[in-house]
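Just so you know, ligand 1 is whichever comes first in the structure, and atom 1 is the first atom listed for that ligand. Everything numeric here is computed off the predicted structure, so don't read it as measured data.
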Amino acid sequence: MTPCPMPTLPKHIAIIMDGNGRWAKAKGQPRLEGHRRGVEVAEEMITAVNDLKIPFLTLYAFSDENWNRPKEEVDTLMGLLEWFLKTRQEKMLKNGIRFRTIGDTQKLPESVQRVIAETMEVTAHGKALTLILALSYGARNEIMNAVNKILSNQVPGTRYQVLRENELSDLLDTKDFPDPDLLIRTSGEYRLSNFLLWQLAYTELYFTKTMWPEFSEADLAKALEEYSKRERRFGKISEQL
Ligand code: FPP
């Protein structure tokens, strides 16, 4: 893991990229145009976070509830994802980015699953940023899957009487990653929307009214500045830190 250059920078940023549809509608454009611009902004942020030597970035790209959107919109999002991974694989490799996913990716179209597997393989040895896309992801589902694995004795070598916190963490999709230090949500919504509910227990939350398609490096810098001013006490008092 690459160390952060400044102690006040987060090691892991998670982002709920919200507001694509409203941004497009306000401009009299189809929602799909919002998603297209949203992917461009996602790429800009991946580059910015990597340049800052922050080692983990998780982007909420498609929730398990997003399957309920009109088919045309789901197809567009899947198409954008496939296109992004196919065309940016080389760039990720060159920039030391390791690509991973969380969520129920078996529900994604097969062509998308294939390019995900390929991108993970190609970038597996990336030593800079770990980019994690949440795809067909829902936190309650993730936790339920872990619990059901235990109940059906699917965890090799274990017979739990009492479960410890780290043992549950190890059964989540995020087992290889540290918990996020900073969560950013755009578009003026103040919810977690079933995103990383277990992992965000001590995370600093940052909400902005900016719509995702307009989120810029300056907005990221503002979020990081706000984060650096917060005192993370993890339940202790200031004097104990
Ligand atoms: C929320 O906006 C956004 C999504 C449901 C999709 C987010 C996905 C992207 C930005 C693409 C990311 C893809 C890659 C490849 C990184 P919304 O549609 O809910 O907006 P609204 O709340 O204004 O309707």
Side-chain angles (χ1 to χ4, degrees), residues 13-50 56-93 95 97-105 107-109 111-120 122-123 126 129-139 183-196 207-217 219-220:
I13 302 179
I15 308 183
I16 302 178
M17 308 176 288
D18 199 9
N20 294 349
R22 276 165 287 162
W23 175 81
K25 195 173 168 202
K27 289 168 64 90
Q29 292 176 354
R31 292 178 58 81
L32 311 182
E33 180 52 26
H35 294 315
R36 200 196 55 73
R37 175 67 195 139
V39 175
E40 286 177 2
V41 173
E43 185 172 5
E44 286 162 23
M45 289 310 122
I46 294 164
T47 304
V49 167
N50 199 23
F56 293 91
L57 173 66
T58 300
L59 300 177
Y60 204 2
F62 195 85
S63 75
D64 57 9
E65 282 98 9
N66 286 156
W67 291 115
N68 298 321
R69 292 194 175 192
K71 185 174 180 313
E72 190 197 5
E73 185 163 341
V74 171
D75 289 349
T76 297
L77 284 166
M78 292 301 137
L80 281 170
L81 177 63
E82 191 174 338
W83 168 84
F84 177 82
L85 292 178
K86 272 190 185 145
T87 58
R88 300 301 189 268
Q89 227 174 61
E90 280 302 310
K91 185 176 169 189
M92 286 191 219
L93 186 63
N95 292 331
I97 293 176
R98 179 172 69 130
F99 174 73
R100 300 289 297 271
T101 65
I102 54 172
D104 204 351
T105 52
K107 287 198 180 142
L108 301 171
S111 57
V112 178
Q113 289 188 46
R114 272 198 298 275
V115 72
I116 286 175
E118 188 184 289
T119 310
M120 287 205 295
V122 168
T123 64
L129 174 70
T130 297
L131 168 66
I132 304 147
L133 288 192
L135 295 168
S136 191
Y137 176 85
L183 171 85
I184 298 172
R185 181 171 189 153
T186 57
S187 92
E189 304 286 354
Y190 302 95
R191 289 188 295 277
L192 295 181
S193 298
N194 204 15
F195 188 44
L196 301 173
F207 297 98
T208 170
K209 289 200 162 70
T210 306
M211 298 289 160
W212 180 250
E214 286 188 335
F215 195 79
S216 65
E217 277 192 47
D219 293 305
L220 177 68

For this session: For the residue pair Lys91 and Thr47, establish whether any side-chain heavy-atom pair is separated by less than 4.5 Å.
Result: yes
Exercise. At a 4.0 Å threshold, what atoms of ligand 1 neighbour a non-hydrogen atom of Ala61?
Worked result: 6 (C), 7 (C), 8 (C)
Exercise. Which heavy atom in Leu32 sits nearest to a heavy atom in Glu73, and how many Å separate them?
Worked result: CD2-CA, 4.0 Å
For this session: Say whether Asn20, considering both its backbone and side-chain N or O atoms, lies within less than 3.5 Å of an N or O atom on ligand 1.
Result: yes
Seminar exercise, completed: Closest non-hydrogen atoms of Ala139 and Phe195, given as atom of the first, atom of the second and distance, are CB-C, 4.1 Å
Exercise. With a 4.0 Å cut-off, would you call Lys86 and Glu82 a salt bridge?
Worked result: yes
Exercise. Numbering the atoms of ligand 1 from 1, which are under 4.0 Å from a heavy atom of Arg22?
Worked result: 21 (P), 22 (O), 23 (O)
For this session: Could you give me the CA-CA distance, side-chain angles and deciding distance for Arg31 and Thr76, then say whether side-chain hydrogen bond (donor to acceptor under 3.5 Å, both in side chains) is met?
Result: CA-CA 10 Å; Arg31 292 178 58 81; Thr76 297; over 6 Å; no
Problem set entry | Heavy atom of the protein closest to atom 16 (C) of ligand 1 (residue, atom name, distance) | Ala42 CB, 3.7 Å
Exercise. Could a heavy atom of Leu80 be found less than 4.0 Å from some atom of ligand 1?
Worked result: no
Seminar exercise, completed: Closest to atom 17 (P) of ligand 1 (heavy atoms only, candidates Met17, Arg69, Met45) is Arg69
Exercise. Near Gly38, which atoms of ligand 1 are under 4.0 Å from a heavy atom of that residue?
Worked result: 10 (C)
For this session: Kindly confirm or rule out an N or O of Tyr60 lying under 3.5 angstrom from an N or O of ligand 1.
Result: no
Problem set entry | Polar proximity ligand 1 side, Phe84 side, N/O cut 3.5 Å exclusive | no
Exercise. Is it true that atom CD of Glu44 has more than 12 heavy atoms of other residues, nucleotides or ligands lying nearer than 6.0 Å?
Worked result: yes
Seminar exercise, completed: Looking only at heavy atoms, the pair that brings Arg36 and Leu80 closest together is N-CD1, 4.0 Å
For this session: Provide the number and element of each atom of ligand 1 under 4.0 Å from a heavy atom of His35.
Result: 18 (O)
Seminar exercise, completed: Minimal heavy-atom distance between Met45 and Ser216, with the atoms involved, is CE-C, 3.4 Å
Exercise. For ligand 1, is any non-hydrogen atom under 4.0 Å from Met211's backbone (N, CA, C, O), its side chain (CB onward), both, or neither?
Worked result: neither
For this session: Using a 4.0 Å heavy-atom cut-off, say whether Arg31 meets ligand 1 through its side chain, its backbone, both or neither.
Result: side chain
Exercise. Under 4.0 Å from any heavy atom of Val39, which atoms of ligand 1 are there?
Worked result: 11 (C), 13 (C)
For this session: Test Ser136 against every option in Ile102, Thr101, Asn66, Asp104 by the side-chain contact (heavy atoms from CB on, under 4.5 Å) rule and name the one that passes.
Result: Asp104
Exercise. Has ligand 1 got any nitrogen or oxygen that is less than 3.5 angstrom from a nitrogen or oxygen of Asp18?
Worked result: yes
Exercise. Near Glu72 CD, under 6.0 Å, is it more than 12 heavy atoms from other residues, nucleotides or ligands?
Worked result: no
Seminar exercise, completed: In ligand 1, the atoms that come under 4.0 Å of a heavy atom of Asn66 are 5 (C)
